[in-house]
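Throughout, a chain's letter reflects where its sequence line sits, starting with A, and its residues are numbered from 1.
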Amino acid sequence: MTTDRTYCGTPRAGDAGRPATAFGWVDRRRDHGGLIFIDLRDHTGILQVVIDPNDAPEAHGAAREARLEWVLRFEGEIRLRSPENVNPKRETGEIELRVRACSVLAVARTPPFPVNEDTEVDEQLRLRHRYLDLRRVHLQRNLRTRAKFCTELRTAMAEIGFLEIETPMMIRATPEGARDYLVPSRLFPGSFYALPQSPQLYKQLSMVAGFDRYFQLARCMRDEDLRADRQPEFTQLDIEMSFVDEDDIFAALEHAIPSAWEACDFRGGHLTVPFPRMTWREAVDSYGVDKPDTRFELLLRDLTGIVGTSGFRVFADAVAAGGIVKGICVKGGDDLSRSDIEGPLTEVARGARARGLAYLWKRAEGWQGGIAKFFSADELDAIGAATGADTGDCVLMVADRPSVVNGALGAVRNHLGRVRRLYDDARIDMLWITEFPMFERSDETGEISAAHHPFTMIHADDLDLLESDPLAVRSRAYDLVVNGREIGSGSIRITDRAIQQRVLAALGIDAEEAQRKFGFLLEAFEYGVPPHGGWAGGIDRMVMEGLGTDNIRDVIAYPKNQQAQEPMTDAPAPVDPGQLRDLGIAILPNTRMP
RNA sequence: GGCCCCGUGGUGUAGCCUGGUCUAACACGCCACCCUGUCAAGGUGGAGAUCGUCGGUUCAAAUCCGAUCGGGGUCGCCA
C-alpha cells in the first residue's frame, strides 16, 4: 500500500508532472462548493490537495464528507501552481496534488483540542489524549529530535569502543537513596524486587567482568515527588570505564555529547571542547551554588574581613558567631528600588533561608541606603573595592553561616541573571564541577551521609582526614553542568578494600551491615577488580536544554502528571483481588484508593 | 506535608478586583445551507456553559467569604 508513498512535506517544483499517492490527516479543509482544498498532514509537513468535481466526481464526494483529523489517501499528480497561487509560507507552496482518487481510511471524532495549531491546552486533557498531543508539530519535532539525539549518542559511544549492556529492571532494593518502586514476588510472597534507581552496581560489576567500556541508555525509576524537570521514570546516559582517571571519562563524554548535540543542531549546534573545569570550592565561593550558571558574572565576594567588626550589628554578630558576610555587585543596579530589593529579591534570599538582604547603592553623592550610616568611609571604600562597585551600581549582601550566605546570594544571583537578562539565550555553558565533598551532614538529623555515593573514591590528598575531619574530605566525584542546571554526575570508584572500609566506617556502617547491603559488590571486588569510574547523565534534561524547553513532559512521549498518574491509561490502578492473593498481598483498611 | 498560581460551552480567553445592566461575551472548533483558486478561505443561519464542587454572606453571587476536589509550579524530598 505504501510502496509509492509521497510524504506530504517533500514534493517540490521539480516534481511537477509526477504521479503521487499521499497519506495523512486532514489539517485543514477549504470547501468552495465546487473546488475543495485539503491540507494533508503527515510528520514531514503539509501538502495542499485540490479536488475538482469535474476531474474526479467520486473523490469530490468523499472530500466533501471529510473532516479535521480524518485519515485519507489521495492519488493524483503533482502540479505546479500558477504564480499567483504560490504560498511562500509553506515548503510545498509551489506545488499541489491534483487529485484523481480519494479514499477515506478512517473517520475521526472532533478532537478534544486543536491538533492543527500550537495552542496552550490544559495539561490533564493533553495527557488523557496523548496520542493527539503527540500528533501536533511541537511534540512530533521534540520526540523525533530526542530519538536522533539517542541514536547519535549510541553511534558516538560505539565509535570509541563502548559496549551497550542491558542491566536488569527487577533488582534488589537498595536502602540508600530515593524511594524504590517495588515489584512483589509471586514465588516468594512477602519479598520484593525493586525497579532500578540507576544501574550503578551492575555497571561496576561489569567492570569486574572485564567489559572495560560500558554504556547504556538506561531507564531509571525513583518514587519521589515530581518537578518540571523530574519524572518518576527517566533515561540516563550511563557509562563506566576501567583503568582510567577523570580525564579519560571527561574525554569520552566530550566526544559523545557534542557529537549528538551538534547532530541535533541544538541551539546553533556548537559545543566547545574540552569543557571548562571548576572545583566545587570555586563554584560555591564565587557562584554560591554547586551548579553555577557561568553565562554571566555577578560573582560573590567575601566581605567578612571588611565588615565583620563594623558598627552594623547584624554583620558583626553574624561574624562573631562564626558566620561570614558576602556581597554581589549589581552593575547598573541604581535602578533597583528599595521596594524591588525588599520585595522580590529579599523573598528570594529568604526562600534560601537568609534572614534578610542588606543593600547599598553607590551614587554620585556617595554611598546610600539605610545601612550606609553604620559603616566608616574606609569600610565603604573597601566594600566598593572588594565588590568592584562603581557609581551607579548596587551591592547586595548577606550575613549568616557560610552555607546560608552562599545559598541565598547564589539564588539572588540566578534570579537577577534571569530578570535582568544578563546572559545570551543562545549561549551554552557546559562545564565540569570537580572535587565535591565526600560527605555532607544533614541539617535535621546531624548525620553524615555520602554526598555522591559510598563507593566514591577519596581525593588522594585528603585520605588522612577521613577519620579526623570527614566533612573536609574531597572526593573524586564530578558533575556536568549546563547553564546552571546539573545534567549528570559521576566519580572514580573505590576499589581498595581498606579505603572502602574506612569510608563505610565514617558513614557509621559496620562490617556486618556493609556485608548485608553491599556484600555482593565487596565480594566481587575480591576477585580482581580493575580501577574504574563512570558517569550518568539525564537524557531528558539534555534534550530539554538543547530544545530550550523548560518542561520534561515536552521531551517524553508518555509522561506522568504531578501525582505520577498516567491519565490516558489511568495508571496506577487497583488490581484484581486474585492477583493480590497470588502475591500474598493484602491492602490495609485505611489505604487511600484512587 | 508547606507555600504560590489556575479552574467560565469541545478548545483558548474576556467578565471577577468595584455583586444587579450576565437571559454570560469574543475567537477557534462543531452542525446546516450558499459558494470553482483557497491556503487562519469567505458568506448566512444554528446548536452548545446552571461559570470545578459544596456551603455561607446578601433582596441579589461567575463575581465576596469558607471548605473541598482537580491541574500546574515550588520548598521539603530526589545517595
Side-chain angles (χ1 to χ4, degrees), chain A residues 27-40 46-55 60 64 67-69 79 81-90 92-93 96 98 108-129 132-133 174-180 197-198 200-201 220-232 234 347-348 350-353 407 411 436 438-440 442-444 447-456 475 477 486 489 491 503 507 509 517-518 536 538 550-553 561-563 565 567 594:
Chain A
D27 191 70
R28 282 209 158 78
R29 180 173 153 279
R30 293 176 293 279
D31 184 346
H32 287 229
L35 276 185
I36 297 174
F37 298 92
I38 286 180
D39 289 342
L40 194 67
I46 285 174
L47 175 66
Q48 171 163 290
V49 173
V50 195
I51 307 102
D52 188 320
N54 302 319
D55 291 3
H60 188 263
R64 253 164 55 103
R67 291 294 181 270
L68 296 185
E69 302 308 321
R79 293 269 185 88
R81 299 193 195 185
S82 60
E84 69 275 16
N85 284 326
V86 165
N87 183 351
K89 283 184 285 187
R90 201 156 270 170
T92 57
E96 61 196 5
R98 197 83 187 183
R109 292 165 61 181
T110 302
F113 54 82
V115 176
N116 57 8
E117 50 186 72
D118 197 23
T119 47
E120 291 259 327
V121 178
D122 175 71
E123 199 66 41
Q124 192 75 349
L125 191 66
R126 291 174 60 186
L127 292 177
R128 184 164 289 137
H129 301 278
L132 291 177
D133 201 14
T174 48
E176 317 287 317
R179 215 173 280 116
D180 284 317
Q197 297 176 24
S198 81
Q200 182 62 38
L201 298 172
C220 306
M221 293 81 174
R222 294 178 188 174
D223 187 4
E224 296 293 347
D225 288 351
L226 281 65
R227 288 288 185 281
D229 62 354
R230 206 197 288 166
Q231 280 273 308
F234 58 100
E347 203 56 45
V348 170
R350 287 226 172 91
R353 296 186 303 166
F436 274 74
M438 180 66 199
F439 304 103
E440 58 194 11
S442 161
D443 275 351
E444 284 158 35
E447 282 172 29
I448 287 182
S449 62
H452 184 56
H453 63 58
F455 315 112
T456 302
S475 71
E486 182 214 311
S489 59
S491 63
V503 168
L507 290 165
I509 298 173
K517 287 179 173 170
F518 319 112
D550 54 11
N551 198 295
I552 196 169
R553 289 185 301 264
N561 71 9
Q562 203 172 47
Q563 316 303 318
Q565 297 165 310

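Atom-to-atom, CD of A:Q48 to C1' of B:G37 comes out at 8 Å; the value is rounded to the nearest Å. The interatomic distance linking A:I36 (CD1) with B:G42 (C1') rounds to 15 Å, in whole Å. To the nearest angstrom, C1' of B:G9 lies 18 Å from CZ of A:F113. Here B:G37 presents its C1' atom at 16 Å from CZ of A:R29, a figure rounded to the nearest Å. Rounded to whole angstrom, the span from the CZ atom of A:R179 across to the P atom of B:C77 amounts to 11 Å. Straight-line distance from the CG atom of A:D180 to the P atom of B:C78: 13 Å, rounded to whole Å. If you measure from atom CG of A:D39 to atom P of B:A40, you get 8 Å, rounded to the nearest angstrom. A straight line from CZ of A:R98 to P of B:G37 spans 12 Å, rounded to a whole angstrom.
Considering only residues two or more places apart in sequence or on other chains, A:R29 meets the side-chain hydrogen bond (donor to acceptor under 3.5 Å, both in side chains) condition with A:D31. Residues passing the ring-ring contact (aromatic ring centres under 6.0 Å, His included) test with A:H453, sequence neighbours excluded: A:F455. Applying the ring-ring contact (aromatic ring centres under 6.0 Å, His included) rule to A:F37 yields the partners A:H32; only residues at least two apart in sequence or on another chain are considered. For the salt bridge (Lys or Arg N to Asp or Glu O under 4.0 Å) test, no residue two or more places apart in sequence or in another chain qualifies with A:R222. Remark: A:R90 pairs with A:D39 by the salt bridge (Lys or Arg N to Asp or Glu O under 4.0 Å) rule, at least two apart or across chains. The side-chain contact (heavy atoms from CB on, under 4.5 Å) search around A:D229 returns A:R227, A:R485, A:R541, A:M544, not counting sequence neighbours. Scanning for salt bridge (Lys or Arg N to Asp or Glu O under 4.0 Å) contacts around A:R128 gives an empty result, with sequence neighbours left out. Applying the side-chain contact (heavy atoms from CB on, under 4.5 Å) test to A:T110 and every residue at least two apart in sequence or in another chain returns nothing.
Across all strands shown, B:A41 forms no Watson-Crick or G-U wobble pair with both key distances under 3.5 Å. Base pairing annotation: B:U13 forms a Watson-Crick or G-U wobble pair with B:A25, both donor-acceptor distances under 3.5 Å. With a 3.5 Å ceiling on both atom-pair distances, the Watson-Crick or G-U wobble partner of B:C64 is B:G56.
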- Task: Indicate for each nucleotide in nucleotides 26-31 of chain B, in 5' to 3' sequence, whether protein heavy atoms under 4.0 Å reach the base (B), only the sugar-phosphate (S), or nothing (-).
- Result: ---SSS
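Two residues are said to be in side-chain contact when any heavy atoms from C-beta on lie closer than 4.5 Å; A:R28 and A:Q48 fail this criterion. No side-chain heavy atom of A:L68 sits less than 4.5 Å from a side-chain heavy atom of A:V115.
Judged by centroid separation below 5.5 Å and plane tilt below 30°, A:F37 stacks onto the base of B:U38.
Taking atom P in both B:C5 and B:C78, one finds a spacing of 28 Å when rounded to whole Å. Annotation: B:G52 and B:G7 have their C1' atoms spaced 6 Å apart (nearest Å). B:C35 and B:A41 have their C1' atoms separated by 11 Å, with the value rounded to a whole Å. Taking atom C1' on both B:C28 and B:G2, the two are 40 Å apart, rounded to the nearest angstrom. Comparing B:U21 with B:A60, their C1' atoms sit 13 Å apart, to the nearest whole Å. Comparing B:U23 with B:U36, their P atoms are spaced 43 Å from each other, to the whole Å. Nucleotides B:U74 and B:U11 place their P atoms 25 Å apart, quoted to the nearest Å. Spacing of P atoms, B:U8 relative to B:U63, comes out at 13 Å, to the nearest Å.
Residue contacts for A:I46: at a heavy-atom cut-off of 4.0 Å it reaches no nucleic acid atom on any strand shown. Residue A:E96 is in base contact, counting any heavy-atom pair closer than 4.0 Å across all strands shown.
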Protein and nucleotides 34-36 of chain B: nitrogen or oxygen contacts under 3.5 angstrom:
| residue | atom | partner | partner atom | Å |
| --- | --- | --- | --- | --- |
| B:C35 | N3 | A:D31 | O | 3.3 |
| B:C35 | N3 | A:G33 | N | 3.3 |
| B:U36 | O4' | A:L35 | N | 3.4 |
| B:U36 | O4 | A:N54 | OD1 | 3.3 |
| B:U36 | O4 | A:N54 | ND2 | 2.5 |

Can you pull every protein N or O that's under 3.5 Å from an N or O on nucleotides 3-5 of chain B?
none

Show me the protein contacts with nucleotides 71-75 of chain B, counting only N or O atoms at under 3.5 Å.
| residue | atom | partner | partner atom | Å |
| --- | --- | --- | --- | --- |
| B:G71 | OP1 | A:N561 | ND2 | 3.3 |
| B:G71 | OP1 | A:Q565 | OE1 | 3.3 |
| B:G72 | OP1 | A:Q562 | N | 3.0 |
| B:G72 | OP2 | A:Q562 | N | 3.3 |
| B:G72 | O3' | A:R553 | NH2 | 3.3 |
| B:G72 | N7 | A:Q562 | OE1 | 3.4 |
| B:G73 | OP1 | A:N551 | ND2 | 2.8 |
| B:G73 | OP1 | A:R553 | NH1 | 3.3 |
| B:G73 | OP1 | A:R553 | NH2 | 3.3 |
| B:G73 | OP2 | A:Q562 | NE2 | 3.1 |
| B:G73 | N7 | A:Q562 | NE2 | 3.2 |
| B:U74 | OP2 | A:A228 | N | 2.9 |
| B:C75 | OP2 | A:R227 | NE | 3.2 |
| B:C75 | N4 | A:R227 | NH2 | 3.4 |

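The nearest pair of heavy atoms linking A:S475 to A:M438 is CB-SD, 3.6 Å. Nearest heavy-atom pair, A:P111 versus A:L132, reported as atom, atom and distance to 0.1 Å: CB-CD1, 4.2 Å.
Salt bridge absent: A:E120 and A:R126 never bring a charged side-chain N and a carboxylate O closer than 4.0 Å.
Between B:U38 and A:R30, no contact under 4.0 Å exists linking OP1 or OP2 to a side-chain N or O.
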